[in-house]
Novice: 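Dumping the structure here so I can ask a few things about it.
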Amino acid sequence: MCGITGWVSFDRDLSAEAATLDAMTETMACRGPDDRGVWTEGPAGLGHRRLAIIDLPGGRQPMTAATPHGTVALVYSGEAYNFTELRGELAARGHRFTTDSDTEVVLRGYLEWGDAVAERLNGMYAFAVWDGRTDRLLLIRDRMGIKPLYYHPTADGVLFGSEPKAILANPLARRRVGLDGLRELFTMVKTPGHAVWEGMREVEPGTVVTVDRTGVRHRVYWELRTRPHADDRDTTIATVRSLLDDIVRRQLVADVPRCTLLSGGLDSSAMTALAARQLAAHGERVRSFAVDFAGQADNFVADDLRATPDTPFVHDVARDAGTDHQDIVLDAEALADPGVREKVIRARDLPAGLGDMDASLYLLFRAIRERSTVALSGESADEVFGGYQQFFDEEARRADTFPWLVRLGRHFGDDADVLRPELVKALDLESYVADSYRSAVAGVQRLDGESDFEFRMRRISHLHLTRFVRILLDRKDRASMAVGLEVRVPFCDHRLVEYVYNAPWELKSFDGREKSLLREATADLIPRSVYDRVKSPYPSTQDPKYAVALRNQAKDLLARPDHPVFDLVDPERLRQVAHRDTPVSGQAARRGLERALDLAMWLDLYVPEVSLG
C-alpha cells in the first residue's frame, strides 16, 4: 500500500519543477512512511510514498523499464493477490525479474499486455504508467474502487494523486468548491467520478483513463453485469465457501505482521475464523482487534439499529477461533478531541460529518498500527450478501430513491438541519438525489423472465455495490492510510461479487434472514451466538459525556460569529441544538453538532473558496 501522485505537462520540462513534485509527494507521507521517490523525464513527473508490505528491500518506486523506444515508468498503490501466478506466466514469456515485488509484476505485465493488464489482476490497486514510447499517461483503478485515485486536467496535461491533497499541493489546482460539490458533500449518493473539488475528477472503478496530447479518454474494463445463475442452494453455498477460502488465503500473504478487524458480526467473525484456521495450519496464531467504548456496557441502550453491543460476541469469536485478541477501548474525551477531528478531516480532505464513528475508526486504526501493518476487514459483506436492514424494509424496498437514505432519514433526520435556509434552497438536495437515483438505476440489466420483485432486489443490490460500498471503502481507506495501516477487504474480491450478485434474492435470503448464503457457508466456523445474531451496524458511543463535549465546542464556535462556517450553518439553528435541554446521547441528536464542527474545522484547515452562486 502506498501513495502515488504525478504531473504531466506536455508543454514543459518538469525536471525544473522538482520542488512542486516534492510537495505533492510529501502530502502522501502518511500513506507511505517507509520510503519515497520522485522521477521526472521530459513532460512527466511521478511521485511515490511507500508502505512496504511485500519484498521489503525491493520494490522501490517509481519503477522504470528501459525499452528501445523510450522509458516506461510506474507508480503503484495496492496489492495484486495473484502476482505469483502472473509472474510465472510473464517469466515463461521471457520477462526477467530483479525483485520479488508485485509492483514489478504489474510493470512487466503492462509491457506485455498494455492496459489490458488490469483485466488480469486480482486485487486492490490504483496505479499510473507513463509510457515514454507514446508520450501518454495511463491511470488505472481496481474493479470495486477499493483504492482511491483522482485527477485534474490542466491546460496542457493533468495532475493526479491517491488523494485530493496531492493535487491541491500544485498551484494549478484551485481549492474551490461549488454548489455541486456541496450537494455531493451533503448527500450519501457517491456520484461516480465526482470529487467535490472543482476541476477534479475521481478515476471510476474498473476504468482506465488515458491522457495524451489529444486529451483525456476513458475505457471501462469491468462493470457489474447481470448473468443467469444456474446453481442450486447447496452448490451456491459450497461455491461461496470455496471462493472465501481462496480469497482469504491470498490476502493473508504479507512480509509484515497481519491481523483481523473483529466486530462480533457475521462478516468479520467468518473472515477471522477463516484466517485463524488457515494460519493455524502453518503453526501461526491470528491477531484480532475490536473497538469498544469506555462505559459502553453501562450506557448501552438497544434501538432499532443496534439491538446488542459488540463486545460479548467479539469475545465468543476470539475464544472459539483462538485469536490473540485485544479490545481497543476509547473514551469520550478522545472521541471528541478537536485534534482527532483535525486528523480525520485531513485524512478525508472533506468534512464527512460522521462524528464519533469516523473518530473511533481513526483511533482504532492508529492503535492497531502499533502492532500490525496489514489488517483484514469484513467490510462490504453487507453489500455483497444483502445484510442491511433496508434490504428487508418494505418502505425502503419500494422507495423511488436510494434505499439507505430511507433508513438514515428515519433514524438520523435531515442532514441539512443546521444549514442556512437560503443555502438549503439553493442546494435543492431533493432534486439532486432524485436525478442521481435515476442515473444509478438506468443501467441495471434485467434477466429475461425475472420477476418484478427479483428485479427490484437486483436493483437494490446493484445500488449498494456501485454506490454505497464506495462511500464506506473510501472512509476505510482514508482512516487506515492516515496512520500507514493497510486494510484488505476479502469480500470485495470481484469473483465473489460477480457470483453472489447474480444469485437470486430467494437464494440470498432463503431462510428469511440477512446474508443467508454467508451464514451457511461459514456455519462450521462461527459460534452459535454469532450465527443467531441480528445485523448490527458499526458501533457508536452512547456516553453522554461525548454529547456534552460537542455542545461545549459548538458554544465556543458560536462565540465566533464572524467564522466563515456561518456562511453555511445557521447560527440560530446551531444555538438551539447546542443549548437543548433534552439528552443528546444518540447519533440522531448529535448529527447537527458534528456536521457544524466538521465544516468549521475543514474551513480552517483548507481555506477553500466556497462558491454559493
Novice: Working to the nearest 0.5 angstrom, can you tell me the gap between Arg551 CZ and Asp556 CG?
Specialist: 14.5 Å
Novice: Between the side chains of Arg348 and Glu163, is the shortest nitrogen-to-carboxylate-oxygen separation below 4.0 Å, so that they form an ion pair?
Specialist: no
Novice: Stepwise, does the side-chain contact (heavy atoms from CB on, under 4.5 Å) test hold for Leu261 with Phe365?
Specialist: CA-CA 9 Å; Leu261 307 177; Phe365 288 159; 3.7 Å; yes
Novice: Testing the 3.5 Å rule here: is there a donor-acceptor pair between the side chains of Arg49 and Gln61?
Specialist: no
Novice: Keeping Lys165 on the side-chain end and Arg346 on the backbone end, is there a donor-acceptor pair under 3.5 Å?
Specialist: yes
Novice: Looking at Asp543 and Lys545, would you say the former's side chain and the latter's main chain have a donor-acceptor pair under 3.5 Å?
Specialist: yes
Novice: Decide whether Tyr501 and Glu383 meet the rule of one side-chain donor and one side-chain acceptor closer than 3.5 Å.
Specialist: no
Novice: Quick one: CH2 on Trp602 to CG on Leu605, what's the gap to the nearest 0.5 Å?
Specialist: 11.0 Å
Novice: Going by the ring pair (Phe, Tyr, Trp, His ring centres under 6.0 Å) test, which pairs reach into residues 297-355, not counting sequence neighbours?
Specialist: His315-His325
Novice: Ignoring hydrogens and geometry beyond distance, is a side-chain donor-acceptor pair present between Ser540 and Arg306 at under 3.5 Å?
Specialist: no
Novice: Rounded to the nearest 0.5 Å, what separates atom CG in Leu266 from atom CD1 in Ile526?
Specialist: 5.0 Å
Novice: Could you tell me whether Asp493 and Arg250 have a side-chain N and a carboxylate O separated by less than 4.0 Å?
Specialist: no
Novice: For a quick check under 3.5 Å, do Ser268 and Ser263 share a side-chain donor-acceptor pair by atom type?
Specialist: yes
Novice: So, taking the atom named CD in Glu520 and the one named NZ in Lys515, what distance separates them when rounded to the nearest 0.5 Å?
Specialist: 13.5 Å
Novice: Considering residues at least two apart in sequence or located in another chain, which fulfil the salt bridge (Lys or Arg N to Asp or Glu O under 4.0 Å) criterion with Asp34?
Specialist: none
Novice: Would you compute the distance between atom CG of Asp349 and atom CD1 of Ile167 and round it to the nearest 0.5 angstrom?
Specialist: 9.5 Å
Novice: So, does Arg31 use its side chain to make a donor-acceptor pair with the main chain of Cys2 at under 3.5 Å?
Specialist: yes
Novice: Going through the distances and angles, do Arg319 and Asp316 end up as a salt bridge (Lys or Arg N to Asp or Glu O under 4.0 Å)?
Specialist: CA-CA 5 Å; Arg319 182 178 58 254; Asp316 285 351; 2.9 Å; yes
Novice: Is there a donor-acceptor pair under 3.5 Å between the side chain of Arg258 and the backbone N or O of Leu252?
Specialist: yes
Novice: If I compare all heavy atoms of Arg141 with all of Leu149, which pair ends up nearest, and what's the gap?
Specialist: NE-N, 4.1 Å
Novice: Gln542 side chain to Val301 main-chain N or O, any donor-acceptor pair under 3.5 Å?
Specialist: yes
Novice: Run Arg249 and Asp245 through salt bridge (Lys or Arg N to Asp or Glu O under 4.0 Å) and show every step you take.
Specialist: CA-CA 6 Å; Arg249 176 182 60 79; Asp245 282 335; over 6 Å; no
Novice: Hey, does the side chain of Asn82 reach the backbone of Asn122 with a donor-acceptor pair shorter than 3.5 angstrom?
Specialist: yes
Novice: Give the minimum heavy-atom separation between Pro490 and Val248, together with the two atoms involved.
Specialist: CB-CG2, 4.5 Å
Novice: Quick check against the 3.5 Å criterion: does Arg513 have a side-chain atom that pairs as donor or acceptor with the backbone of Ser509?
Specialist: no
Novice: Rounded to the nearest 0.5 Å, how far does CG of Asp598 lie from CZ of Arg591?
Specialist: 11.0 Å
Novice: Counting the benzene-type ring for Trp, do Tyr76 and His48 have ring centres under 6.0 Å apart?
Specialist: no
Novice: Go through the side-chain N and O atoms of Thr541 and Asp356 and say whether any donor and acceptor fall under 3.5 Å apart.
Specialist: no
Novice: For a side chain to side chain contact (heavy atoms under 4.5 Å, CB included) with Leu557, tell me which candidate from Val565, Leu593, Val569 qualifies.
Specialist: Val565
Novice: Assess, by modelled atom type and distance only, whether the side chains of Thr373 and Glu486 contain a donor and an acceptor separated by less than 3.5 Å.
Specialist: no
Novice: Going by the side chain to side chain contact (heavy atoms under 4.5 Å, CB included) test, name the single residue among Ile345, Leu350, Leu568 that passes it with Leu599.
Specialist: Leu568
Novice: Count the heavy atoms of every other residue, nucleotide or ligand shown that sit under 6.0 Å from CZ of Arg369, and state whether that count exceeds 12.
Specialist: yes
Novice: Keeping the roles fixed (side chain from Arg50, backbone from Pro33), state whether a donor-acceptor pair exists under 3.5 Å.
Specialist: no
Novice: For Tyr538, does the six-membered ring have the charged nitrogen or CZ of Arg475 within the cation-pi criterion, i.e. under 6.0 angstrom from the centroid and within 45° of the normal?
Specialist: yes
Novice: Can Asp532 and Arg528 be said to form a salt bridge (Lys or Arg N to Asp or Glu O under 4.0 Å), step by step?
Specialist: CA-CA 6 Å; Asp532 291 332; Arg528 187 71 198 190; 3.2 Å; yes
Novice: Do the charged groups of Arg519 and Glu514 touch, with an N to O distance under 4.0 Å?
Specialist: yes
Novice: Show the numbers, then the answer: is there a side-chain contact (heavy atoms from CB on, under 4.5 Å) between Trp197 and Tyr150?
Specialist: CA-CA 11 Å; Trp197 298 95; Tyr150 296 84; over 6 Å; no
Novice: Ring centroids only, cut at 6.0 angstrom: are Tyr546 and Phe293 within range, meaning strictly under it?
Specialist: no
Novice: State whether Asp337 and Lys343 are salt-bridged, where the test is any N-O pair (Lys NZ or Arg NE/NH1/NH2 against Asp/Glu carboxylate O) under 4.0 Å.
Specialist: no
Novice: I'd like to know whether Glu79 forms a salt bridge (Lys or Arg N to Asp or Glu O under 4.0 Å) with Lys147, so could you lay out the CA-CA distance, the side-chain angles of the two residues, the decisive distance to 0.1 Å, and finally the verdict.
Specialist: CA-CA 10 Å; Glu79 304 292 344; Lys147 301 312 299 174; over 6 Å; no
Novice: Are a donor atom and an acceptor atom from the side chains of Gln553 and Arg341 found within less than 3.5 Å of each other?
Specialist: yes
Novice: Minimum heavy-atom separation for Phe391 and His464, please, with both atom names.
Specialist: CZ-ND1, 3.7 Å
Novice: Would you say Arg533 and Thr308 are linked by a side-chain donor-acceptor pair, where the criterion is simply a distance under 3.5 Å?
Specialist: yes
Novice: Hey, are Arg478 and Asp474 close enough for a salt bridge, meaning a charged N less than 4.0 Å from a carboxylate O?
Specialist: yes
Novice: Quick one about Glu202 and Tyr151 (side-chain donor to acceptor, distance below 3.5 Å, no hydrogens or angles considered), yes or no?
Specialist: no
